[in-house]
**Q** 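Structure incoming, see below.
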Amino acid sequence: MLILAHRGACRAAPENTVAAFREAAAQGADGVELDVHRSADGELVVHLDAEVPGIGVLGEHPAADIRAALPSVPTLAEALDACEGMLVNVEVKNLPGDADYDPDDRVAAAVVGLLHARGGRDDVLVSSFNLASIDRVRELDGGLPTAFLTLVGFDPLDAVAVVADRGHAALHPDVRSLVGPVAGATAERAHAAGVAVNAWTVNLPEEVRRLAAAGVDAVITDVPDLARAALAGSDR
């Protein structure tokens, strides 16, 4: 089972920063999960929230102004460089109701464009809670793996069918929806459909081991070092 560091090793360094991504590698993570938004001038910036107190909506400011106000916020290109050799789960933040919601899915298109410009050298999985966003990625590049994020109220067994029908590579269910035998049943159904299951956010060692035994393909965790130790049989 793969270990993906949630916004980097976010308990050891500020989340969604180059420092957090490098710390994730040092802690033995196989990859990282990060969040992207689009600046007013089309740059992809890595940050959880669309709106930042004291600055406003990131999408209303050019990248240079964002960098001046938030020096620790990397561009997606900088994050990919810092994560060389690791899998990078790029989450496109674009739900209706978000402060920077864009029905034209320019963030999804910009992610594909950046990856093409980088010559395909990055190991990337693009995910979103918005099916339209990952559908857009597949329209632009059918070879780029995509994943559908779901919340606890979405039955993961039903979600597998949605993911498979739309040709996405993975389902990312909230771990709270994978209770008891549901985890194994979801993994079994997903694998039969050629779909991976990557659960979020998994921080307890016993949960890491339970999901591994159930056949879940990856956990997205705030504590990659503890998850790695749990897989090795330790609760340090």
Side-chain angles (χ1 to χ4, degrees), residues 1-35 46 48-49 79 82-91 93 123-129 145 147-160 163 169-193 195-236:
M1 185 169 67
L2 297 179
I3 295 170
L4 307 182
H6 187 222
R7 306 173 196 155
C10 65
R11 292 195 181 175
E15 67 178 33
N16 277 328
T17 63
V18 167
F21 304 144
R22 290 177 175 161
E23 180 61 24
Q27 291 188 11
D30 299 293
V32 304
E33 180 270 354
L34 54 79
D35 309 288
V46 178
L48 174 62
D49 298 317
C83 295
E84 184 177 2
M86 292 195 292
L87 172 65
V88 181
N89 174 191
V90 177
E91 182 184 340
K93 309 294 276 190
D123 185 9
V124 170
L125 172 67
V126 182
S127 67
S128 184
F129 285 104
F148 180 38
L149 277 153
T150 59
L151 294 167
V152 69
F154 200 133
D155 186 327
L157 293 170
D158 292 339
V160 168
V163 170
L171 169 67
H172 289 193
D174 186 320
V175 67
R176 294 171 295 175
S177 67
L178 298 177
V179 295
V182 175
T186 300
E188 182 177 1
R189 183 174 296 185
H191 295 162
V195 170
V197 179
N198 306 325
W200 65 277
T201 300
V202 185
N203 292 331
L204 297 177
E206 59 268 27
E207 282 286 83
V208 172
R209 288 192 290 267
R210 179 181 73 86
L211 295 174
V216 169
D217 298 278
V219 290
I220 300 169
T221 178
D222 296 330
V223 284
D225 54 344
L226 298 184
R228 177 63 65 202
L231 288 181
S234 168
D235 286 339
R236 70 172 178 81

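The structure displayed is predicted, hence computed values, not measured ones.
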**Q** Stepwise, does the salt bridge (Lys or Arg N to Asp or Glu O under 4.0 Å) test hold for Arg189 with Asp158?
**A** CA-CA 10 Å; Arg189 183 174 296 185; Asp158 292 339; 5.2 Å; no

**Q** First locate atom CG of Leu157, then atom CD of Glu188, and finally report the distance between them rounded to the nearest 0.5 Å.
**A** 10.0 Å

**Q** What's the verdict on side chain to side chain contact (heavy atoms under 4.5 Å, CB included) for Leu171 and Phe154, showing C-alpha distance, side-chain angles and the deciding distance?
**A** CA-CA 11 Å; Leu171 169 67; Phe154 200 133; over 6 Å; no

**Q** Taking 4.0 angstrom as the limit, do Arg210 and Glu207 come out as a salt bridge?
**A**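 Here Arg210 pairs with Glu207 in a salt bridge, since their nearest N and O are under 4.0 Å apart.
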
**Q** May I ask you to test the Asn198-Asn89 pair for a side-chain heavy-atom distance under 4.5 Å?
**A**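 Side chain of Asn198 against side chain of Asn89, heavy atoms only: no contact under 4.5 Å found.
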
**Q** Counting C-beta onward and ignoring hydrogens, is there a side-chain heavy-atom pair between Asn203 and Val223 closer than 4.5 Å?
**A** yes

**Q** So, for Ala170 and Val163, which heavy atoms are closest and what is the spacing to 0.1 Å?
**A**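 For Ala170 and Val163, the tightest heavy-atom pair comes out as O-CG1, 3.7 Å.
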
**Q** Working to the nearest 0.5 Å, report the span between CD of Glu33 and OG1 of Thr221.
**A** 11.5 Å

**Q** Heavy atoms only: give me the nearest Val216-Ala187 pair and the separation to one decimal.
**A**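 In this case the closest contact between Val216 and Ala187 is N-CB, 4.2 Å.
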
**Q** Decide whether Asp217 and His191 meet the rule of one side-chain donor and one side-chain acceptor closer than 3.5 Å.
**A** yes

**Q** Measure the shortest side-chain to side-chain distance between Val219 and Trp200 over non-hydrogen atoms and say whether it is less than 4.5 angstrom.
**A** no

**Q** For Val152, is there any backbone N or O sitting under 3.5 Å from a side-chain donor or acceptor partner on Arg176?
**A** no

**Q** Enter the distance from Asp225:CG to Gln27:CD here, rounded to the nearest 0.5 Å.
**A**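 Going from the CG atom of Asp225 to the CD atom of Gln27 covers 3.5 Å.
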
**Q** Walk me through whether Val208 and Val202 qualify under side chain to side chain contact (heavy atoms under 4.5 Å, CB included).
**A** CA-CA 7 Å; Val208 172; Val202 185; 3.9 Å; yes

**Q** Within the structure provided, determine whether Pro173 and Val197 are in side-chain contact (heavy-atom separation under 4.5 Å).
**A** yes

**Q** Mind listing the closest non-hydrogen atom pair of Ala29 and Pro224 along with its distance?
**A**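 So the two residues come closest at CB-CB, 3.9 Å.
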
**Q** Would you call Arg209 and Pro205 a side-chain contact if the rule is heavy atoms closer than 4.5 Å?
**A**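 In short, these two side chains touch, coming nearer than 4.5 Å.
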
**Q** Where is the tightest heavy-atom contact between Ala24 and Ala5, given as atom of each residue plus distance?
**A**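 The pair with the smallest heavy-atom distance is CB-CB, 3.5 Å.
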
**Q** Can you tell me how far OG1 of Thr17 sits from CZ of Arg22, rounded to the nearest 0.5 angstrom?
**A** 10.0 Å

**Q** Quick check for you: to the nearest 0.5 Å, what is the distance between Leu149 atom CG and Lys93 atom NZ?
**A**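 If we round to the nearest 0.5 Å, Leu149:CG and Lys93:NZ are 8.0 Å apart.
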
**Q** On a heavy-atom basis, which atom in Phe21 and which in Ala79 lie closest, and how many Å separate them?
**A**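 Scanning both residues completely, I find the closest heavy atoms to be CE1-CB, 3.6 Å.
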
**Q** Would you say the side-chain atoms of Asp30 pair up with the backbone N or O of Ile3, donor to acceptor, closer than 3.5 Å?
**A**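 Present.
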
**Q** I need the Leu125 CG to His172 NE2 distance, nearest 0.5 Å.
**A**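 With rounding to 0.5 Å, CG (Leu125) is 4.5 Å from NE2 (His172).
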
**Q** Where do Glu23 and Ala9 come nearest, in terms of heavy atoms and distance?
**A** CG-CB, 3.6 Å

**Q** If we only count heavy atoms from C-beta on, is the Pro156 to Thr150 side-chain gap below 4.5 Å?
**A** no

